[in-house]
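Worth knowing before you read on, the calculation uses all heavy atoms, side chains too, and leaves out hydrogens, waters and symmetry mates.
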Amino acid sequence: MNMIAVPPQRSLIPEGAPFSPEQRAWLDGFFGAVLAAQGGMAPADLPPLDKAGLDQAAGPALADNDEAPWHDPSMGIDERLALAKDRPLAPRLMAAMAQQDCGQCGYNCADYANALFLRKEERLTLCAPGGKETARMLKALAQEIGQDGTASTTSPDAKVDVDATEAGHPPAAGLPGRSRDNPVAARFLSRRRLNGEKSAKTTWHVEFDLSGSGLDYIAGDSFGVIPKNKAGLADQIIALLGARPEALIEGKSLRDRLIEDVSLGTPPDSLFQLLSYLSTGDLRRKARTLANGEDPDGDAASLDVLAVLYKFQGIRPGAEAFLEALDPLQPRLYSISSSHKANPGRISLTVDTVRYRIGARDRLGVASTFLGERIAEGEELRVYVQKAHGFRLPENGETPVIMVGPGTGVAPFRAFLQERKAEGASGRNWLFFGHQHRDHDFFYEEEFAAMRESGLLTRLSLAWSRDAEGKFYVQDRMREVGADLWRWLAEGAHFYVCGDAKRMARDVERALVDIVAQWGARSTEEAASFVNGLKKAGRYQADVY
């Protein structure tokens, strides 16, 4: 009679051993077969497992979202690294990242860390939300790759899923228009302002024609835009360099390279290193100090490339060396605010213009002002669709959904509602939206009113933070209607949040925990566990930035 090996009920792998859930399952299955062959010896009777031997047998320990207590975008990098300090290298690489799973790097956080660890990716500056502090830490940690004997023996052809397996589709890096490395051309159609004239914000609804691009998308996906720097900024830099704008560098004029190819925002350490080679005395020491991440004059956070050239005025690097010292111009990702099923061949975004002043200069968001002010109707730009990492409508159209999206966070929920209508989904839909002033900042007001009248939008809960003496946010509105919100969750609703990762999303989650505790008759710890259970079941999904 053949004996079937059954994994032990209690894992034999020591707590804290750096294995992914898949590695744990494989090892438990293996030892389950050993137990069966030995007549069912109880786990407690087995000698302690040799953790070092298991590490070698199971291969390198990779980063995994489910094994990452630092996977929280509201945490600072120091706190994340402290939680990961005793972990293997790949999880520590992950902890250095911004934890937003925003897709701007082309991966999610765990997959980007694993790709670096397995040498499938060499670029250390792809984590846009993490900025310079993440790039510096990744550079330091990358020195350890290969030193522990595991990464160095990993085959360069080792497979790592570098795309969104949770979304149920294969890696798409080589497909046209499906990754930042392989964009396609799309045509800019139009823009219209969503705020009133008296609003403190400038937000645009922008549309593109995809008909000639071969692209489609699913509600919940993001749209990658490769912007251009402002021509006037490039001209100022050329003047400070004392260079010729038409000078050819790798077959392209210096001016075009500055507009289209390199980042003119936060200066990389390599720019300060270059300036240190070309300077002497105090300037040289200052450049070296800045290159090491220090801030001798207290202005490092306010410097962009042009400000650096003013700071080190008189030092004129050669144009080619200067370009090589700059980071590549990064694409920007935006949540898609339309449904392809409802609007085939078209796509829309909801874009806040970034504009602020430092000293005597206006600073501009590169992509937001490119889309909101500089690109002309009919002009082509390079774009791609970034598949969502687990941010999708439920497969069953009867499932109710709760959506929390203040400000531009409403974008994917406009897409969700259009999608549900196009699919004829019968599930109830509840939207929480908020901004500063109702009279000036109610995005898509007429559309949502029509959705309410038709019955598509079951409930619309609004919060205006500047219309009364005390500030009032979407999380405050959630608490006001907590009993109903809990009832929806108890009836199987999926919960979604989109927007600011550092404060809003954290405050919304805290409000949800409080609601579950109050109306679900649970302790705070039990309520937090319930919310974590929603996440693991795919019923709580976030698109944060």
Side-chain angles (χ1 to χ4, degrees), residues 10-11 15-16 20-21 24 63-87 91 94-95 97-102 108-110 129 166 389-392 394 399-406 409 413 430 432 434 461 463 472-545:
R10 178 175 65 83
S11 177
E15 287 297 324
S20 68
R24 284 178 176 273
D64 184 273
N65 286 340
D66 293 333
E67 300 290 324
W70 56 84
H71 194 46
D72 180 348
S74 67
M75 288 184 181
I77 189 171
D78 291 340
E79 185 180 0
R80 298 196 303 268
L81 289 171
L83 287 173
K85 65 183 178 71
D86 295 325
R87 300 293 186 100
M94 177 188 172
M97 297 165 190
Q99 308 306 305
Q100 293 185 14
D101 279 348
C102 60
N108 62 35
C109 299
E166 297 172 355
H389 295 289
F391 193 75
R392 286 281 186 261
T399 303
V401 297
I402 303 167
M403 302 162 284
V404 182
F413 304 136
W430 187 353
F432 288 82
S461 297
F472 191 81
Y473 298 106
V474 286
Q475 60 267 24
D476 301 311
R477 185 67 71 198
M478 286 171 57
R479 286 189 170 94
E480 276 195 351
V481 294
D484 290 342
L485 201 154
W486 164 250
R487 189 176 303 111
W488 278 51
L489 289 176
E491 293 168 353
H494 285 212
F495 186 89
Y496 301 86
V497 60
C498 179
D500 172 59
K502 295 294 184 183
R503 290 170 297 182
M504 185 279 298
R506 178 190 60 197
D507 292 342
V508 164
E509 182 171 342
R510 184 179 295 127
L512 188 63
V513 170
D514 292 344
I515 289 166
V516 171
Q518 179 180 357
W519 299 102
R522 288 166 166 80
S523 68
T524 301
E525 292 75 16
E526 290 170 337
S529 179
F530 177 88
V531 171
N532 285 332
L534 292 179
K535 292 179 179 179
K536 291 180 179 179
R539 288 182 55 198
Y540 183 120
Q541 298 179 22
D543 176 12
V544 296
Y545 41 84

Undergrad: Could you tabulate the donor-acceptor pairs under 3.5 Å formed by side-chain atoms of residues 482-491, not counting sequence neighbours?
TA:
{"residue": "Asp484", "atom": "OD1", "partner": "Arg487", "partner atom": "NH1", "Å": "2.6"}
{"residue": "Asp484", "atom": "OD2", "partner": "Arg459", "partner atom": "NH1", "Å": "2.8"}
{"residue": "Trp486", "atom": "NE1", "partner": "Trp519", "partner atom": "O", "Å": "3.3"}
{"residue": "Glu491", "atom": "OE1", "partner": "Arg428", "partner atom": "NH2", "Å": "2.7"}

Undergrad: If I compare all heavy atoms of Arg392 with all of Gln541, which pair ends up nearest, and what's the gap?
TA: N-OE1, 2.7 Å
Undergrad: Hey, what do you get for CD (Glu480) to CZ (Phe472), rounding to the nearest 0.5 Å?
TA: 4.0 Å
Undergrad: Using every non-hydrogen atom in the two residues, find where Cys102 and Val544 come nearest and quote the distance to one decimal.
TA: CB-O, 4.2 Å
Undergrad: Check the pair Met504, Val497 against side chain to side chain contact (heavy atoms under 4.5 Å, CB included), reporting the backbone distance first and the verdict last.
TA: CA-CA 9 Å; Met504 185 279 298; Val497 60; 3.9 Å; yes
Undergrad: Rounded to the nearest 0.5 Å, what separates atom CE in Met403 from atom OH in Tyr496?
TA: 9.0 Å
Undergrad: Distance check, rounded to the nearest 0.5 Å: Phe530 atom CZ versus Ile515 atom CD1?
TA: 11.5 Å
Undergrad: Give a yes or no on whether Arg479 atom CZ has more than 12 heavy-atom contacts from other residues, nucleotides or ligands under 6.0 Å away.
TA: yes
Undergrad: State, to 0.1 Å, how close Cys109 and Asp101 come at their nearest heavy-atom pair, and which atoms those are.
TA: N-OD1, 2.8 Å
Undergrad: Closer than 3.5 angstrom, by distance alone: can the side chain of Arg522 be matched with the main-chain N or O of Val516 as a donor-acceptor pair?
TA: no
Undergrad: What is the distance from atom CD of Glu509 to atom NZ of Lys535, rounded to the nearest 0.5 Å?
TA: 3.0 Å
Undergrad: Please list, chain by chain and in numerical order, all residues satisfying ring pair (Phe, Tyr, Trp, His ring centres under 6.0 Å) with Phe432, sequence neighbours excluded.
TA: Trp430
Undergrad: Just how far is it from atom CG of Asp72 to atom CG of Leu83, taken to the nearest 0.5 Å?
TA: 9.5 Å
Undergrad: Please find the pair of heavy atoms, one from Ile402 and one from Ala493, that lie closest to each other, and give the distance.
TA: CD1-CB, 4.0 Å
Undergrad: Restricting to side chain to side chain donor-acceptor pair (under 3.5 Å), what partner residues turn up for Gln518, sequence neighbours left out?
TA: none
Undergrad: Does Lys85 reach the side chain of Leu81, with side-chain heavy atoms less than 4.5 Å apart?
TA: no
Undergrad: Could you tell me the separation between the CG atom of Leu512 and the CD atom of Gln475, rounded to the nearest 0.5 Å?
TA: 12.0 Å
Undergrad: Can you check whether Tyr473's main-chain N or O pairs, donor with acceptor, with Asp476's side chain at less than 3.5 Å?
TA: yes
Undergrad: What heavy-atom pair brings Ala95 and Ala84 nearest, and what distance separates the two atoms?
TA: CB-CB, 3.7 Å
Undergrad: Any side-chain to backbone donor/acceptor pair from Gln99 onto Met97? Under 3.5 Å, distance only.
TA: yes
Undergrad: If I compare all heavy atoms of Ala517 with all of Ala527, which pair ends up nearest, and what's the gap?
TA: N-CB, 3.6 Å
